[in-house]
Amino acid sequence: DLRQKQIDAVVKMLNLNSP
Amino acid sequence: FKVLVLDPFTRDIIAPLLKVNELRKYGITLHLMLGADRQPISDVPAIYFVAQTEQNVKRIALDVSVPLYDTFHLNFSSPLPRPSLEELASECVKTDSISRVNKVYDQYLGFVSLEKGLFSLAQPRSYVKLNDPAAKDTDVEQAVAGMVEGIFSVLVSLGVVPIIRCPKGGAAEMVASELEKRLRDHLVTRNNLFTEASQAGGSFQRPLLCLFDRNFELAVAVQHGWTYQPLVHEMIGLNLNRVTV
């Protein structure tokens with residue numbers, strides 16, 4: 001699911017975690 | 001407490017994914033536009049998520065030099081070109097503010113996910129840019145490069161290297177050959193973005209990526225979906241899953 005993968009990446013970014 | 005700084009392109013990426021209350025859940029109390037006049041907020045980390053344009057890099061360097069925030073986490077929707085990164089670094093060194101830049105990330109998020117199985121490259125008027133007889137070569141190249149970067153982001157997110165098929169002699173072929181070049185250039189590096197996905201039990205079967213040219217696929221232009229969503233799209237206009245009446 002591409003949308004979910006993009007959400008996960010954005011959340012990671014907002015939590016200041018590395019990609 | 002964190003500040004999120006966006007530009008129009010990345011605002012459109014975030015808008016269909018997360019609502020304002022969901023942003024709060026992740027500690028984002030304020031989201032602002034990079035181009036707007038912003039007041040300094042001390043003791044607050046700022047997350048920048050913007051497109052990799054020269055203009056944005058200049059503005060970020062200015063923000064860091066003020067400084068507008070305590071620390072800067074810079075995220076670019078597609079890879080920041082080397083000269084821009086060097087410019088950012090030299091500007092920050094000049095103003096002795098480099099220590100405030102915590103990290104710089106290439107995010108590969110340069111596309112808009114509208115639904116589970118539908119995304120847009122968010123490139124307005126791309127058809128005109130590619131087909132206008134008065135268009136300059138540089139404009140066409142820029143439009144193609146934008147599409148290639150967007151599709152590349154999608155492939156990185158999915159962790160797949162597809163087999164590419166396209167009709168000959170049009171914009172789709174230009175996109176396909178540039179995309180192939182981009183993938184090949186990237187895959188020669190040892191720890192590339194697709195290594196992790198393949199090691200994590202990724203599929204051995206490569207998906208098929210078909211690129212069509214609207215000039216050759218005339219049937220698409222006259223085919224109308226008889227469901228509610230296309231009807232609304234044609235009658236009122238649908239942008240980022242939103243209808244403005």
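Proteins get letters first, then strands, A, B, ... in listed order; numbering begins at 1 in each.
With a 4.5 Å cut-off on non-hydrogen atoms, Phe111(B) touches chain A through its backbone and its side chain both.
The interface of residues 38-63 of chain B with chain A, defined by heavy-atom distances below 4.5 Å, comprises Ile47(B), Phe49(B). Along residues 2-32 of chain B, the residues that come nearer than 4.5 angstrom to chain A, judged on non-hydrogen atoms, are Lys2(B), Leu4(B), Ile13(B), Ile14(B), Pro16(B), Leu17(B), Leu18(B), Leu23(B), Tyr26(B), Ile28(B) in order of number.
Rounding to the nearest 0.5 angstrom, the gap separating the CD1 atom in Ile7(A) from the CG atom in Leu109(B) is 11.5 Å. Residue Gln6(A) holds its CD atom at 10.5 Å from CD of Gln107(B), rounded to the nearest 0.5 Å.
With respect to chain B, the highest number of heavy-atom pairs below 4.5 Å among Asp8(A), Val10(A), Leu14(A), Val11(A) belongs to Leu14(A).
The environment of Tyr228(B) atom OH is sparse: at most 12 non-hydrogen atoms of other residues, nucleotides or ligands sit within 6.0 angstrom.
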